[in-house]
2 protein chains.
Amino acid sequence: MKRLLERIDREILAAGGKRSRSRAVVIEGFFRARDHVTIDELTRSVRESAPGIGAVTVYRTLKLLERLGYAKELDFGEGARRYESNLSPHHDHLVCRRCGTVIEFEDREIENLQVLVTRRHGFHPTAHRLEIYGFCRKCASGDSPERFR
Amino acid sequence: MKRLLERIDREILAAGGKRSRSRAVVIEGFFRARDHVTIDELTRSVRESAPGIGAVTVYRTLKLLERLGYAKELDFGEGARRYESNLSPHHDHLVCRRCGTVIEFEDREIENLQVLVTRRHGFHPTAHRLEIYGFCRKCASGDSPERFR
DNA sequence: TATTATTATGATAATGAATTTCATAATCAT
DNA sequence: ATGATTATGAAATTCATTATCATAATAATA
Ligand SMILES: [Zn+2]
Ligand SMILES: [Zn+2]
Ligand SMILES: [Zn+2]
Ligand SMILES: [Zn+2]
């Protein structure tokens with residue numbers, strides 16, 4: 001974690017940016033948070049230890065992390081975007097519509113078939129999003145959900 | 001088309017709704033329009049023949065069509081949603097980031113693999129979205145785009 | 001260290017899509 | 001026709017996100 005933060009710091013400096021306490025707090029908070037957080041969730045969490053931090057700084061910092069390749073923007077159709085760290089390899093998502101649980105999966109076969117599809121249409125892919133919505137095991141079985149989103 | 005409009009009319013009546021001229025114009029305009037339209041695009045198009053129609057009515061009518069199963073809401077991450085008629089079988093989308101062209105495709109193999117993935121996680125799928133973003137043949141080859149979005 | 005230039009912050013305002021409100025109009029059943 | 005109900009459209013509201021801007025923090029320079 002320390003190494004990561006230092007590396008990001010160096011990249012920001014190299015790009016003409018300056019160090020800032022607020023930003024450091026947000027970045028550390030982001031990597032500590034559970035993945036797939038909204039700006040609002042992250043802002044609240046970060047404010048517990050640093051109450052002065054404005055939501056705008058959280059917005060800006062996540063955009064910055066995205067530009068640097070450390071964060072990915074997600075949209076599960078909830079109105080607000082979510083962000084996840086971009087350190088682990090590519091994956092897609094199963095999203096529970098009841099409790100909000102997000103399960104990550106990776107399927108090489110699906111990825112390969114996507115490439116074939118684009119090839120058939122002379123299309124040059126740069127990114128894709130695959131989300132499967134429904135109910136997780138718990139919610140489908142009738143157990144009460146742990147939380148709502 | 002006439003048959004379709006009458007069928008929808010009957011379903012609206014059966015559900016306790018009433019006929020309305022504005023709504024009929026919007027519905028017909030929607031099915032005539034090229035697919036994947038935004039509310040704004042559809043509103044403009046519909047207003048050419050019926051200038052008085054409010055954008056709110058277009059919003060409401062598309063939500064209604066969606067509830068009745070005749071329209072699908074799409075989101076290509078452009079800020080505004082798009083809608084397509086839900087008469088043709090399920091398909092997914094290739095979206096050109098340069099000219100906005102949308103290519104529809106259907107791949108049974110990918111669909112099957114998705115089911116297997118959810119099964120592995122005890123997840124009960126109800127819907128999914130798969131979009132591949134990139135550049136269409138024309139845009140990738142350097143030809144000038146036909147239109148921007 | 002003092003000075004200067006540049007970048008970052010955070011409160012507030014602005015934006016824009018989507019929804020809600022509400023008075024009026026249209027439609028349907030009696 | 002009458003009354004009840006639903007639909008309309010203008011305007012207001014909501015909400016996430018972005019822009020503005022005066023101030024603060026940081027880094028480079030003297
Ligand atoms: Zn669940
Ligand atoms: Zn993820
Ligand atoms: Zn194109
Ligand atoms: Zn389509």
Notebook entry, point to check: With a 4.0 Å cut-off, would you call A/Lys2 and A/Asp9 a salt bridge?
Noted result: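 Salt bridge between A/Lys2 and A/Asp9, a charged N being under 4.0 Å from a carboxylate O: no.
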
Distance in angstrom units between [X] [atom1] and [N] [atom2], rounded:
X	N	atom1	atom2	answer
A/Lys63	D/dT17	NZ	C1'	8 Å
A/Arg47	C/dG10	CZ	C1'	9 Å
A/Asp75	D/dC15	CG	P	18 Å
B/Ile39	D/dG9	CD1	P	14 Å
B/Glu66	C/dA18	CD	C1'	13 Å
A/Glu41	D/dT17	CD	C1'	16 Å
B/Ile12	C/dC28	CD1	C1'	15 Å
B/Tyr59	D/dA7	OH	C1'	18 Å

Margin query: Considering every strand and a 4.0 Å limit on heavy-atom distances, what is the contact class for B/Arg60: base, sugar-phosphate, or nothing?
Written below: base

Item checked: Side-chain N or O of B/Arg23 closer than 4.0 Å to phosphate OP1/OP2 of D/dA7 -> yes

Checklist line | Ring geometry between A/His36 and A/Phe76 (parallel below 30°, tilted from 30 to 60°, perpendicular above 60°) | finding: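 Tilted.
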
Check: Angle class for the A/His121/B/Phe105 ring planes (parallel below 30°, perpendicular above 60°, tilted otherwise)?
Finding: tilted

Among the candidates [options], find the nucleotide nearest to the side-chain atoms of [X].
X	options	answer
A/Val56	D/dT18, D/dT8, C/dT19	D/dT18
A/Ser22	C/dT9, C/dC28, C/dA18	C/dT9
B/Arg19	C/dC28, D/dA16, D/dT26	C/dC28
B/Ala80	C/dT12, C/dA18, C/dT19	C/dA18

Next item on the list: Mind jotting down which residue pairs meet the side-chain hydrogen bond (donor to acceptor under 3.5 Å, both in side chains) criterion with at least one end in residues 60-70 of chain B? Sequence neighbours excluded, please.
Entry: B/Arg7-B/Tyr70, B/Glu11-B/Tyr70, B/Lys63-B/Glu73

Next item on the list: Find which nucleotide of DNA chain D each of A/Ser20 and A/Tyr83 is nearest to by heavy atoms, and output the residue with the more 5' nucleotide.
Entry: A/Tyr83

Checklist line | Pairwise 5' ranking along DNA chain D for B/Gly17 and B/Ala55, keeping only the more 5' one | finding: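 Going by which nucleotide is closer to the 5' end, it is B/Gly17.
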
Item checked: A/Glu41 side chain to A/Thr38 backbone, donor-acceptor under 3.5 Å -> yes

Note to self: Using heavy-atom distances to pick each residue's nearest nucleotide on DNA chain C, tell me which of B/Leu13 and B/Gly79 is more 5'.
What the structure shows: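 The answer here is B/Gly79.
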
